[in-house]
Amino acid sequence: MRLSVDKINQVSPYWVIQLDELTFRFATDNGVVYRVGFYKDTVFLIDGSYHFFIDNVNHQPSPNDPNLLATVTAVIEEFFRQEPLVMLYICDPSDNRQGSRNRLYKRWFDNYVNHSKYRLYSESVAFENVDYYAGLIMRKDNPHCDEVIAAFHDIVGSLPEQMIGDK
């Protein structure tokens with residue numbers, strides 16, 4: 001799969017640079033540099049599953065910026081323009097702001113003008129006094145919806161057992 005930076009830049013308010021087939025970079029008007037993209041899933045194992053990531057590269061504070069959302073949305077729309085794919089995300093818990101990230105992603109999804117074309121499922125799991133948040137987004141026309149949702153719930157439900165096993 002190769003996403004088209006040309007299609008992304010047709011609708012993105014920020015100029016997006018393609019770093020590789022599935023990774024992009026852009027800078028906001030406030031000088032915050034983001035890297036966004038996808039990598040093939042190796043845990044979920046549903047064909048066509050990719051993890052989404054967004055990284056504040058220069059670790060600068062990011063004020064509320066509607067163009068950030070519009071740019072990220074342009075990248076995600078290009079992703080979903082492909083075959084019926086599944087987008088997974090895990091909210092980074094390293095700074096204890098994972099709950100805020102999960103709420104932000106839900107708010108972004110709810111406010112997205114075309115959200116009726118997609119399904120969002122979000123789960124949380126507590127392990128050693130830390131809440132972990134994971135989400136799944138897919139097109140409603142994905143022919144494997146029920147199978148994907150069941151697998152997602154199974155994987156998220158087994159995360160604490162896997163975490164104990166990794167110790």
Side-chain angles (χ1 to χ4, degrees), residues 1-26 34-57 68-94 98-99 101-125 127 131-163 165-166:
M1 171 178 39
R2 182 170 175 83
L3 303 182
S4 169
V5 73
D6 294 332
K7 290 190 184 299
I8 292 168
N9 280 322
Q10 288 175 2
V11 295
S12 173
Y14 291 129
W15 186 253
V16 176
I17 298 167
Q18 191 160 16
L19 301 176
D20 65 33
E21 292 178 345
L22 301 173
T23 307
F24 305 88
R25 188 180 71 223
F26 63 92
Y34 285 96
R35 192 172 61 93
V36 299
F38 306 88
Y39 59 91
K40 185 86 170 120
D41 171 71
T42 58
V43 176
F44 195 56
L45 301 179
I46 297 286
D47 202 29
S49 298
Y50 291 81
H51 289 269
F52 172 74
F53 66 88
I54 180 169
D55 183 30
N56 179 329
V57 175
L68 168 62
L69 174 57
T71 302
V72 170
T73 300
V75 173
I76 292 172
E77 284 178 342
E78 173 60 11
F79 171 80
F80 280 117
R81 190 183 63 77
Q82 310 293 316
E83 298 294 317
L85 300 172
V86 175
M87 185 181 105
L88 304 163
Y89 65 86
I90 298 174
C91 298
D92 177 16
S94 65
Q98 65 273 21
R101 287 184 183 92
N102 190 58
R103 288 187 297 277
L104 175 65
Y105 293 160
K106 284 183 175 182
R107 187 171 65 245
W108 279 1
F109 182 83
D110 290 342
N111 292 327
Y112 173 54
V113 68
N114 291 322
H115 83 269
S116 63
K117 294 181 182 180
Y118 302 96
R119 291 182 180 192
L120 166 68
Y121 297 91
S122 179
E123 295 273 341
S124 66
V125 174
F127 179 72
D131 290 326
Y132 293 86
Y133 295 88
L136 171 146
I137 299 175
M138 68 180 153
R139 292 187 340 210
K140 285 184 176 179
D141 66 352
N142 187 316
H144 308 289
C145 277
D146 294 337
E147 171 188 341
V148 169
I149 295 164
F152 175 70
H153 291 303
D154 288 347
I155 291 285
V156 172
S158 69
L159 282 177
E161 296 161 11
Q162 292 175 16
M163 292 169 161
D166 287 343

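Atoms considered below: every heavy atom in the structure, side chains included; atoms not considered: hydrogens, waters and symmetry mates.
To the nearest 0.5 angstrom, Leu19 atom CG is 5.5 Å from Arg25 atom CZ. To the nearest 0.5 Å, atoms CZ (Arg139) and CZ (Arg81) are separated by 10.5 Å. In this structure, CZ on Arg2 lies 4.5 Å from CD on Gln18, to the nearest 0.5 angstrom. Interatomic distance, Cys145 SG to Met138 CE, rounded to the nearest 0.5 Å: 4.0 Å.
The heavy-atom pair separating Phe152 from Ala134 by the smallest distance is CZ-O, 3.8 Å. Taking every heavy atom of both residues into account, Tyr14 and Leu68 meet most closely at CE1-N, 3.8 Å.
Looking only at side-chain heavy atoms (C-beta outward), Ile149 and Tyr121 come within less than 4.5 Å of each other. No side-chain heavy atom of Ile8 sits under 4.5 Å from any side-chain heavy atom of Phe26. Side-chain contact between Arg35 and Phe53 is present, with at least one heavy-atom pair separated by less than 4.5 Å. Residues His153 and Glu123 meet the side-chain proximity criterion, which asks for heavy atoms closer than 4.5 Å. For the pair Met87 and Tyr118, the minimum side-chain heavy-atom distance is 4.5 Å or more. Side-chain contact between Ile137 and Arg119 is absent, with no heavy atoms from C-beta onward closer than 4.5 Å. Contact check for Asp41 versus Leu88: side-chain heavy atoms found under the 4.5 Å cut-off. Put simply, the side chain of Leu22 reaches to within 4.5 Å of the side chain of Leu3, judged on heavy atoms.
In this structure, Ser12 contributes its side chain and Trp15 its backbone to no donor-acceptor pair below 3.5 Å. In this structure a side-chain-to-backbone donor-acceptor pair under 3.5 Å is missing from Lys7 to Glu78. At distances below 3.5 Å, not a single donor-acceptor pair connects side-chain atoms of Gln98 with backbone N or O atoms of Cys91. Side chain of Asn111 to main chain of Arg107: a donor-acceptor pair is present (N/O by atom type, distance under 3.5 Å, no hydrogens or angles).
Using modelled atom types and a 3.5 Å distance limit, the side chains of Ser94 and Asp92 yield a donor-acceptor pair. Under 3.5 Å, the side chains of Asn102 and Ser122 contain a donor-acceptor pair of N or O atoms.
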- [ ] Assess whether side-chain contact (heavy atoms from CB on, under 4.5 Å) is satisfied between Ile90 and Tyr132, documenting all intermediate values.
- [x] CA-CA 8 Å; Ile90 298 174; Tyr132 293 86; 5.6 Å; no

Assess whether side-chain contact (heavy atoms from CB on, under 4.5 Å) is satisfied between Ile17 and Val5, documenting all intermediate values.
-> CA-CA 7 Å; Ile17 298 167; Val5 73; 6.0 Å; no

Exercise for the section: Carefully, step by step, assess Thr73 and Tyr112 under the rule side-chain contact (heavy atoms from CB on, under 4.5 Å). Expected result: CA-CA 8 Å; Thr73 300; Tyr112 173 54; 3.2 Å; yes

Step by step, work out the side-chain contact (heavy atoms from CB on, under 4.5 Å) result for Leu136 and Val86. CA-CA 7 Å; Leu136 171 146; Val86 175; 3.8 Å; yes

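Residue Val36 forms a side chain to side chain contact (heavy atoms under 4.5 Å, CB included) with just one option from Thr71, Ile76, Val75, and that option is Val75. Test Phe79, Tyr105, Trp108, Phe38 against Tyr89 for ring pair (Phe, Tyr, Trp, His ring centres under 6.0 Å) and you get one pass: Tyr105.
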